[in-house]
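So the structure is just underneath, and the comments pick up after that.
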Amino acid sequence: MPAPPPGSRATDERIAHLASAARPVRRTWSPAVRLAVWTACEALVVLVLGARFGVRPDLAAKLHEPGFVLSLLLLAGAGVAAAVLALAAAVPDRGPARRTVISLIGATMLVASVAFAAQPPGAVSLALWLAGWPCAARTGALALLPAVVLLVAIRRGATLVPALAGLLAGAAAFAIAAVSMRLVCPADERWHLLGWHLAPVAIGIALSGAIGARVLGAWLPTRRGRPVSGDGVR
Amino acid sequence: MERVQAGDQTAYRTLLDEVTGELRAFLARQGRDHAETEDRLQDVLLALHRARHTYDPARRFDSWLYAIARHVGVDAFRRGAVRARRETPTAPDELDRARGAGSGEIALDAALSTLPAAQREAVEMVKLHGLDVAEVAARTGVSEGALRVRIHRAYTALRERLLGKDD
């Protein structure tokens, strides 16, 4: 009889321990169901905060501008695509490739940059430009809850790509927030849009990626952190 | 796996027994030695346990399992390599030098014996027996960070004892 591999006894003990720790678990909802829940949450946030902030007075006219509508559709599409990928990333064999995530986020930022940079420069006064800061705060407010909901949904799964999943969650929430802000804010000035609409999106995505890298991989045995399962097995 | 998700311990034991051989072979093909293969295998099994609620019976079990195995194996290997790069330039070389210097092993044993018990245990398990830092941390009930600090202090003390303070 061949000798067992070195360390296999410890593995046998691990197996016995895990088997004895088996408890019924609630299966993760399918990505489609989770996307529906997130979309409902996102819609609620946009409606509530949109009503509070008020829509831009020239919205009806702006919606007849093809360039304006196209940029909004592209941003919204990118946001939904990011949400789909983020939720898929919560399942081990559905995680997106790094190049897919980078391409999507890069394309989103490029579309927004081109759309915003195409606007007239607007105010040249620094004081006037600085007065636009509430738009950054509103962008953050619109994105906060949807981003948190996505991060929580991913954390309830078991992502193998924590940083990418975090980036995707941020991209989804902030892209939709950027769309909402274009419906709210009447300023169509290049530097206002780049500084107070686009920069918060970039910062938010980066921050979400950092949070994802820190918290979404805590379930992995090879990472530091606390287990997410409540079965007492680390 | 559906029965596992329902909490069936017997089915879970059977499943783990069945996948262990395949996973061991899979990890061994990545060029690990036996001890590290077993460490990684246990990591994969633990990851499988923690992620079992994410398995969708409508999809292939193998894809789900090997996505975890590939990631945990690569992740652990990368972290191990980073750790080795951090630690190799200092203490191990000096320990090897001490070991190779005639009565070095005796000197090392003597130096080890002067360390506080916790430090001696950490050095022996990680560096002399080649165990994974995470595993030793789990066994000794301290965080990985605290274990690394403990090992660093032990190295400093050993260096002073074996090579002199002026080295």
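A note on names: the letters A, B, ... follow the listed sequences, proteins ahead of strands, and every chain is numbered from 1. All values below were derived from every heavy atom in this structure, side-chain atoms included, with hydrogens, water molecules and symmetry-related copies excluded.
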Charged N-O contact under 4.0 Å between A:Asp93 and B:Arg60 | no
CG/A:Asp12 to CG/B:Asp17 distance, rounded to the nearest 0.5 angstrom?
-> 7.5 Å
For the pair B:Thr54 (side chain) and A:Gly157 (backbone), establish whether a donor and an acceptor sit closer than 3.5 Å, ignoring hydrogens and angles.
-> no
Could you state the interatomic distance from CZ (B:Arg52) to CZ (A:Arg23), rounded to the nearest 0.5 Å?
-> 9.0 Å
Positive for side-chain contact (heavy atoms from CB on, under 4.5 Å) with A:Pro221, one of B:Val44, B:Asp43, B:Leu45, B:Asp39 | B:Asp43
Main-chain N/O of A:Leu160 paired with B:His71 side-chain donor or acceptor, under 3.5 Å = yes
CZ (A:Arg27) and CD (B:Gln5) are apart, to the nearest 0.5 Å, by 4.5 Å
B:His49 side, atom NE2; A:Leu18 side, atom CG - distance, nearest 0.5 Å | 5.5 Å
Spacing of A:Thr11 atom OG1 and B:Leu41 atom CG [to the nearest 0.5 Å] = 5.0 Å
Is the side chain of B:His53 donor-acceptor paired with the backbone N or O of A:Ala158 at a distance under 3.5 Å, no angle test?
-> no
Answer with side chain, backbone, both or neither: which region of B:Arg59 has an atom nearer than 4.5 Å to a non-hydrogen atom of chain A?
-> side chain
Over all atoms of both residues, closest heavy-atom pair of B:Arg50 and A:Leu220 | NH1-C, 3.9 Å
With no hydrogens and no angle check, is any side-chain donor or acceptor of B:Arg13 less than 3.5 Å from a backbone partner on A:Ala19?
-> no
Measuring heavy-atom distances to chain A, does B:Tyr55 have an atom under 4.5 Å in its side chain, in its backbone, in both, or in neither?
-> backbone
Using non-hydrogen atoms only, which part of B:Thr20 is less than 4.5 Å away from chain A: side chain, backbone, both, or neither?
-> side chain
Under a 4.5 Å heavy-atom cut-off, does chain B meet the side chain of A:Ala16, its backbone, both or neither?
-> both
If you measure from CG on B:Leu46 to NE2 on A:His17, what distance do you get to the nearest 0.5 Å?
-> 8.5 Å
Indicate the atoms forming the closest heavy-atom contact of B:Ala47 with A:Trp219, along with that distance.
-> O-CZ3, 3.4 Å
